[in-house]
2 protein chains.
Amino acid sequence: MSEPLSEPLRQFIDAVFPQFSVDWSRVEPHLETRSLQKGGLLLREGDPCDFVGLTLTGCLRLFFLKDDKELTLFFCPAGSLLGDYQNLRQRRPAIFSGQAIEASEVLILNRQVLALLEAAPAGPQLMRLVVEFLAFRLRDRLLSLYRDTPEQRYLALLETEPELLQRVPQHYIASYLGLEPESLSRLKRRVYQRRLS
Amino acid sequence: MSEPLSEPLRQFIDAVFPQFSVDWSRVEPHLETRSLQKGGLLLREGDPCDFVGLTLTGCLRLFFLKDDKELTLFFCPAGSLLGDYQNLRQRRPAIFSGQAIEASEVLILNRQVLALLEAAPAGPQLMRLVVEFLAFRLRDRLLSLYRDTPEQRYLALLETEPELLQRVPQHYIASYLGLEPESLSRLKRRVYQRRLS
DNA sequence: AGCAGGCATTGACGTGGGTTAAGTCTTTGC
DNA sequence: GCAAAGACTTAACCCACGTCAATGCCTGCT
């Protein structure tokens with residue numbers, strides 16, 4: 001028998017709030033995983049939005065539509081939370097879609113699981129930390145989009161997440177940087193030509 | 001005698017979490033207000049960051065520096081929270097500055113006040129809602145910067161906050177939209193010329 | 001009144017990104 | 001192994017924004 005589904009969730013929580021405790025035997029039966037092929041959708045814009053995912057293996061991306069184009073907001077490799085938290089809370093349809101970039105496995109935290117976590121003694125504190133975690137990620141992304149040029153963002157990505165640039169197709173990287181694929185090509189050429197001098 | 005300082009705070013909390021209760025007589029002595037002249041700074045980038053503000057009257061803006069230029073992240077008219085929440089929590093220096101656009105008065109929620117609120121029976125739930133409130137504001141700003149063109153952002157502002165466009169000098173509006181003042185001038189001209197046809 | 005400083009506008013110019021189209025290369029499926 | 005589809009690159013053209021500079025308006029100060 002393999003490890004219980006709650007194990008990765010416990011590890012995630014341990015990292016943000018080690019003091020947290022809950023009766024995991026009550027959580028376990030509500031947990032499930034979803035397996036996705038490369039390109040498969042975990043969540044589709046417009047769907048009712050009643051879970052948060054935790055990537056177990058592989059890598060997903062969270063994106064939304066601008067006109068007919070897809071804009072990638074976050075990459076979610078193993079250990080990342082993904083979903084449309086705001087519309088989960090407000091019980092509105094999701095405005096994000098979640099797609100597997102590689103074959104991936106995701107732990108589903110549905111409303112029952114979230115309710116059990118919240119009902120635990122330190123549940124509200126945990127939820128606050130999780131929301132902070134999400135908010136900080138949003139803030140960093142906002143600052144980088146607001147303050148930096150696409151070139152600065154590319155160089156920063158090269159610096160901080162070089163493995164992502166290997167794993168993820170270029171057109172997703174472009175969309176993450178806020179560019180068209182053609183512009184990323186040119187940008188890279190500029191950068192590398194400048195490196196030669 | 002005028003109304004207690006806690007009154008506007010109670011109103012703000014009532015709006016997000018009506019069930020909340022706390023012994024306000026213990027909070028009151030830690031509250032203070034700060035009066036700012038037009039142009040005055042409530043918070044300066046690099047300062048240690050140990051309070052959140054609640055605008056009582058007037059209007060402030062939250063901005064940060066990109067190279068030598070100021071980028072305006074939020075406008076904070078009466079009733080708004082302002083401050084660098086992330087760096088308050090992480091006890092790092094602020095990366096935002098807060099400046100009064102008009103003569104303004106701000107209620108200061110220092111660490112003691114926040115601790116008292118958090119220690120109340122439903123304190124953690126309240127803090128969670130406040131963080132969500134801040135996170136949702138960040139998310140909306142992020143989506144608008146990511147998805148919309150400066151022109152779309154200008155038109156949206158015209159639609160949703162027409163009074164702000166009257167109150168706030170153009171170069172702050174430009175900086176909020178992510179533009180130089182010259183570009184906002186031209187953008188407006190484009191829009192109005194197009195309206196004629 | 002007169003002057004200075006700040007703010008908004010306009011123009012000229014350069015640049016980077018969007019768009020379209022074409023071409024190369026790799027991957028996928030049969 | 002071959003054909004089709006998809007991914008990345010390059011090129012040409014256009015346009016919006018940044019920059020620098022000049023002008024004009026308004027406010028406040030002396």
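No hydrogens, no waters, no symmetry mates; every other heavy atom, side chains included, goes into these values.
Think of the region where chain B sits on DNA chain C: with heavy atoms and a 4.0 Å cut, that region ends 5' and 3' at C:dC7 to C:dA12.
Contact annotation for B:Gly39: no contact, since no heavy-atom pair falls under 4.0 Å across all strands. As judged by a 4.0 angstrom heavy-atom cut-off over every strand, A:Leu184 is placed among residues making no nucleic acid contact. In this structure, B:Pro181 reaches neither bases nor backbone, as no heavy-atom distance under 4.0 Å exists between it and the strands shown.
A donor-acceptor pair shorter than 3.5 Å can be found between the side chains of B:Tyr85 and A:Glu132.
With respect to B:Arg194 and B:Glu151, a salt bridge is recorded, a charged nitrogen being found less than 4.0 Å from a carboxylate O.
Atom CG in A:Leu41 sits 5.5 Å away from atom CZ in A:Phe63 (nearest 0.5 Å). The structure places CG of B:Leu54 at 9.5 Å from CD1 of B:Ile13, a figure rounded to the nearest 0.5 Å.
Between B:Lys69 and D:dT19 there is a side-chain polar atom (N or O) within less than 4.0 angstrom of OP1 or OP2. For D:dA16, the OP1/OP2 oxygens have no side-chain nitrogen or oxygen of B:Ser183 closer than 4.0 Å.
Across the protein-nucleic acid pair, B:Gln152 atom CD and D:dA16 atom C1' stand 13 Å apart, rounded to whole Å.
A:Trp24 and A:Phe20 have perpendicular rings, their planes meeting at more than 60° on a 0 to 90° scale where under 30° would count as parallel. The aromatic rings of B:Phe64 and A:Tyr146 lie perpendicular to each other, with more than 60° between the two planes, well past the 30° mark.
Under the side chain to side chain contact (heavy atoms under 4.5 Å, CB included) rule, B:Val106 has a single partner from B:Leu43, B:Thr33, B:Leu36, which is B:Leu36.
Rounded to 10°, the helix from C:dA1-D:dT30 to C:dC30-D:dG1 has 40° between the axis fitted to its first five pairs and the one fitted to its last five.
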Which pairs, protein N/O on one side and nucleotides 20-29 of chain D N/O on the other, fall under 3.5 Å?
{"residue": "D:dC20", "atom": "N4", "partner": "B:Glu182", "partner atom": "OE2", "Å": "3.4"}

